[in-house]
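Have a look at the structure below, then the notes.
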Amino acid sequence: MADAMWLSESVARRAASGCTFSVDVDRVGEDARSLRLRDEIVRRLGRPIVSEAGRANVRLVAGVTSFDSDEAFSIESHDGVTVIAGNTTAALMYGLYGWLRRRTLGGTPTDGRIVSAPDQPIRMIDHWDQIDGSVERGYAGESIFFGRPGSNVHAEFTGFPQRDETDAFRGDMDRVEAYARFLASVGINAVCLNNVNVRGLATNLIADPWLGRVAGIARVFSSFGVSTFLSVNFAAPMRIGGLGTSDPLDPAVRAWWAGVADRIYERIPDFGGFVVKADSEGEPGPFAYGRTHADGANMFAEALAPHGGTVIWRAFVYNCRQDWRDRTLDRARAAYDHFRELDGRFAKNAVLQVKFGPIDFQTREPLSPLIGGMSRTNLIVEFEITAEYLGHQIDVNYAVPQWLSMIHADTGRDDADGRPLETADYLRDVAVDPSRVGYAAVGNVGMDDNWTGHKLAQSNLYGYGRMCWDGSLSAGEIAREWTRLTFPEADGDARATIERILGTSNATYERYTAPLGVGFMVNRNGHYGPGVNDYEYDRWGTYHYADRDGVGVDRTVATGTGYTGQYSPRVAATYENLATCPDELLLFFHHVPYSHVLHDGTSVIQHIYDTHFAGAAAVDDYIAQWETLAGRIDDTAYENVRERLQRQRENAIAWRDQINTYFHRMSGVDDAHGRVIHR
Ligand code: GCW
């Protein structure tokens, strides 16, 4: 039986104990959702629903507020009666979970009113799940949606053998339902089921017979207010449609996609739309026909528009056949170079999805210059919850501090009153359709008992959802909430220990891995563990250029690749100038000698040694702190993290020693404190 994530049934029941509910959703015609809402109260909370509101002490009322948002809710309590109100049943679901969370955290005033509305209209999880049951960059077991044809994994979870070899679906709808509940409970409202690399039979998910199975999953999500998207293959008209071209301006191709969309919406009336990775890392796209990304995106937009659907077009486009010998090439420039000139040319129901940084979800990157560079385009900022570059859910890494720093970063643009716009507000400012902007993140769950492999990695999924809803929360507040909801049995000290580990974990990981924003010194392909030169002479465009004198990538306008020039003058000046460039991004923007002195007075080489020793030592400290929790938290969670911390320790030592030795050999400079650096 799978482990519960936050707000387990027993915790939720405790929060609702003694309450009687009434549900008034008559003015909202969303039957599946109101059934679900009632079911959540009766079955999950074990509480009765009474027909007369006057006899209930918790009253859920839809359709009576004047909120702008159909997802906003209010919770108002007076004299022992609580009214949860919103425009729609989905809003009531958020309200119910918000109320349960507040009750559990001890934050519900007995008298008073709170109103809560989401910061971002699109709050999405992208799955990189494949129909053979594997998950690209997944570290928590097989896909919760798809199962390997022919494997008995499928039979084990459904209780019946697969009907035929082409049935790629796992069919474990209890798991899907539990997942949908977790997502709804933190306010996620969209999910894409399959990997953006749409290979082989996955191309067929948009058509019968598989579409029917997709619809079954979509119905569960929809009942929780979550709409379903599919990733599609740009070349599908040729691969499965029998056409001789996939040219986005060809009328037959457009008609084919329109037909696909029509059939999907017959089955899934609230289908979200398509996610497309095109002309990226070998995936097909409009370039084959001399067309632009806007031509490609707008073709899908046209097919989806009659149904209210959205196409999400990824901006992760770069030359992955780069020649390392050519130092003028710079992968960081790619997204801006490709998409800036297309600003204003995307349809109203098209959204450009931009990774938060210009490279690829590294431990430290600046905000992508496209976020700030566009002025008339719907944008989604993309994050990666699955810990591809952040320790594979073996190393503890609560990444919320990093993501928050991205949504609060200065985009370099100003609002009408001349105040700098942070990411969240900027998205609204440049939207063509303000209901079509937001955040997406690659999910981190799988079939592992605890969903995320590392118990503490659940905090990232939770934290991402909370951040999408309320960007004003701090990383510490989110960690506190998650710890309390997840370890209800733990005493205050135990919880403080867990929060301390979470709160420092992202910085710790950064310390023992690649220094000062240089990035990508990872093991080739797998991306776990050190591989200082694994990408140095390769085609992927991610280099550190270390030599005997110095290290880093010169991305300045004055002497480098000119990348800094993609930012607005204010932001560009900060990065261009060695004196103002933040130390943590120094090697991202500049090639400097090892003797270069950082703002804290340490040289670059000494900083590398210091942080690598400190990072590895912090892991020993985590182990000692964790061991104090034995018997004070759930045993399974305790053992899971204890085991992962041992593996993290090995990883941290490998990083520390390889990085320190590499830079010692390169620079010939000894550690000022005489610690062991292997020769
Ligand atoms: O970081 C890279 C990953 C690929 C991924 C790609 C992307 C889905 O290594 O596995 O492919 O990003 O975002 O498209």
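For ligands, and for the atoms within them, numbers begin at 1 and follow the listed sequence. A quick note: this is a predicted structure, and the numbers were derived from the prediction, not measured.
At least one N or O atom of E388 sits closer than 3.5 Å to an N or O atom of ligand 1. For ligand 1, the polar-atom distance check against N195 finds no nitrogen or oxygen pair separated by under 3.5 Å. Geometrically, ligand 1 and R137 share a nitrogen or oxygen pair separated by less than 3.5 Å. Considering backbone and side-chain N/O atoms, E384 never comes within less than 3.5 Å of an N/O atom of ligand 1.
Ring-plane geometry between Y509 and Y512 is classed as perpendicular, the angle between the planes exceeding 60 degrees on a 0 to 90 degree scale with a lower cut at 30. Aromatic ring orientation, F300 versus W313: tilted (interplanar angle from 30° to 60°).
Comparing heavy-atom distances from atom 1 (O) of ligand 1 across I359, N525, D360 singles out D360 as nearest.
Taking every non-hydrogen atom of F316 and a distance limit under 4.0 Å, the qualifying atoms of ligand 1 come out as 6 (C), 7 (C), 12 (O), 13 (O), 14 (O). Interface of K277 with ligand 1, defined as ligand atoms under 4.0 Å from a residue heavy atom, comprises 6 (C), 7 (C), 8 (C), 11 (O), 14 (O). Every atom of ligand 1 with a heavy atom of Y389 under 4.0 Å away is listed here by number and element: 1 (O), 9 (O).
Not close to ligand 1: E382, with no non-hydrogen atom less than 4.0 angstrom away.
At the shortest separation from atom 4 (C) of ligand 1 among protein heavy atoms lies E136 OE2, 3.4 Å. Looking only at protein heavy atoms, the nearest one to atom 12 (O) of ligand 1 is K355 NZ, 3.1 Å. With respect to atom 8 (C) of ligand 1, the closest heavy atom belonging to the protein is N197 ND2, 3.2 Å.
The residue V442 has no part lying near ligand 1, judged by heavy-atom distances below 4.0 Å. At a 4.0 Å heavy-atom cut-off, ligand 1 does not touch F361 at all. Under 4.0 angstrom from ligand 1, the non-hydrogen atoms of R314 all belong to its side chain.
The pair D172-R170 does not count as a salt bridge, with every side-chain nitrogen at least 4.0 angstrom from each carboxylate oxygen. E365 and K355 are not joined by a salt bridge, as no carboxylate oxygen comes within less than 4.0 angstrom of a charged side-chain nitrogen.
H527 and Y535 have their aromatic ring centers within a separation under 6.0 angstrom. Ring to ring, F169 and F146 are close: their centroids are under 6.0 angstrom apart.
Remark: the N197 side chain and the E136 side chain contain an N/O donor-acceptor pair separated by less than 3.5 Å. A donor and an acceptor atom, one from each side chain of D657 and H612, are nowhere located under 3.5 Å apart.
With R436 as the fixed residue, the side-chain hydrogen bond (donor to acceptor under 3.5 Å, both in side chains) test singles out one of N378, N349, T310: T310.
Cation-pi geometry between R175 and W451 is satisfied (NZ or CZ under 6.0 Å from the ring centre, within 45° of the ring normal).
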